[in-house]
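The figures that follow rest on heavy atoms only: side chains count, while hydrogens, waters and symmetry mates do not. Whatever order the structure lists them in is the order used to number ligands and atoms, beginning at 1.
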Amino acid sequence: MYELGNATFENYIGLTDGYSEMAYQMVAHTLTLGYAVMLAGLFYFILTIKSVAPKYRISSVLSVVVMVSAFLLLFAQANNWTSSFVFDNETGLYFLGEGSDMFNNGYRYLNWLIDVPMLLFQILFVVTLTKSKFSSIRNQFWFSGAAMIITGYIGQFYEVTDFKAFAIWGAVSTLFFIHILILMRRVIKEGQEGIPAEASKVLGSIWVLFFISWMLYPGAYLMPHLLGIEGGFFNESGVVGRQMTYTVADVSSKVIYGVLLTRVAQIMSREEGYSESAAATA
Ligand code: RET
């Protein structure tokens with residue numbers, strides 16, 4: 001079980017059982033869908049930027065930053081998959097290629113290092129905090145965001161080889177995650193005070209979306225261990241499931257979240273008397 005060093009689980013399946021055509025293609029397609037959606041989102045956030053008043057536009061700019069970085073890193077992740085596993089004529093399966101790069105989810109983690117602080121800051125440009133201080137929340141967001149990702153990045157290297165290290169780094173990461181959840185809850189609650197009911201309702205859905213989509217990431221981290229690392233669920237369907245979970249989480253936490261924040265900003269802009277057509281002719 002140790003011959004692959006700190007490689008992630010995907011490589012162990014690729015070395016021993018191999019991937020069937022269906023599993024291999026489903027992962028390749030899911031990863032491709034992931035970066036395609038980021039490119040589509042990029043256009044959405046650029047094209048809708050003038051639909052909100054100038055003070056809300058930083059939120060769209062941050063979505064643009066997230067789309068560009070996620071597009072590039074998910075593109076690298078997809079290529080990493082197709083270059084790691086090679087088709088074998090004899091068995092009709094895909095195996096870890098001789099001399100090829102191994103598959104690693106680390107690209108994602110480093111992408112989050114950029115995107116997590118951006119996604120957390122973004123909401124601060126749409127809501128008005130009633131009690132908390134902007135700079136204090138912002139600093140706590142980036143500190144805990146970065147700490148959560150870095151500790152998780154270290155932990156994921158041990159998912160197969162050292163369960164203790166994997167669990168300890170994961171637990172430390174979870175503490176920072178809990179801190180982020182508490183802060184976000186507070187930001188949304190304060191943001192809902194005194195705004196139109198329509199905008200407050202969308203903010204309420206942002207909390208639900210945020211909570212569910214961000215929980216998927218620790219779920220994917222734990223996945224190799226949830227149902228037994230050897231045999232059981234953790235065969236090629238586990239790999240397909242993990243990559244699908246990441247893609248659903250990415251599309252929800254970056255694109256749908258950004259679209260909903262744009263929606264809140266549009267309602268607030270309209271409420272404040274901003275009109276895109278008036279701004280265009282001014
Ligand atoms: C890790 C390690 C295990 C424990 C926890 C984790 C949380 C990760 C999260 C990531 C969110 C990423 C987002 C990316 C969007 O671009 C690091 C998997 C709690 C919450 C939102």
Strictly below 4.0 Å, N to O, side chains only: are E198 and R263 in salt-bridge contact?
yes
The criterion is side chain to side chain contact (heavy atoms under 4.5 Å, CB included); which residues satisfy it with T130, sequence neighbours excluded?
E190, E193
What pairs of residues pass the salt bridge (charged side-chain N to carboxylate O under 4.0 Å, His left out) test when at least one of them lies in residues 110-127, not counting sequence neighbours?
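Sorted pair list: D115-K254.
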List the atom pairs, with distances to 0.1 Å, where a side-chain N or O of residues 32-48 and a protein N or O form a donor-acceptor pair under 3.5 Å, not counting sequence neighbours.
unit_1 : atom_1 : unit_2 : atom_2 : d
T32    : OG1    : A28    : O      : 2.7
T48    : OG1    : Y44    : O      : 2.8

Contact table ligand 1 N or O to protein N or O, d under 3.5 Å:
unit_1   : atom_1 : unit_2 : atom_2 : d
ligand 1 : 16 (O) : K254   : NZ     : 2.6

Can you tell me how the ring of Y153 sits relative to the ring of Y109, calling it parallel under 30°, perpendicular over 60° and tilted otherwise?
tilted
Quick check, are the ring centers of F166 and Y221 under 6.0 angstrom apart?
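Yes.
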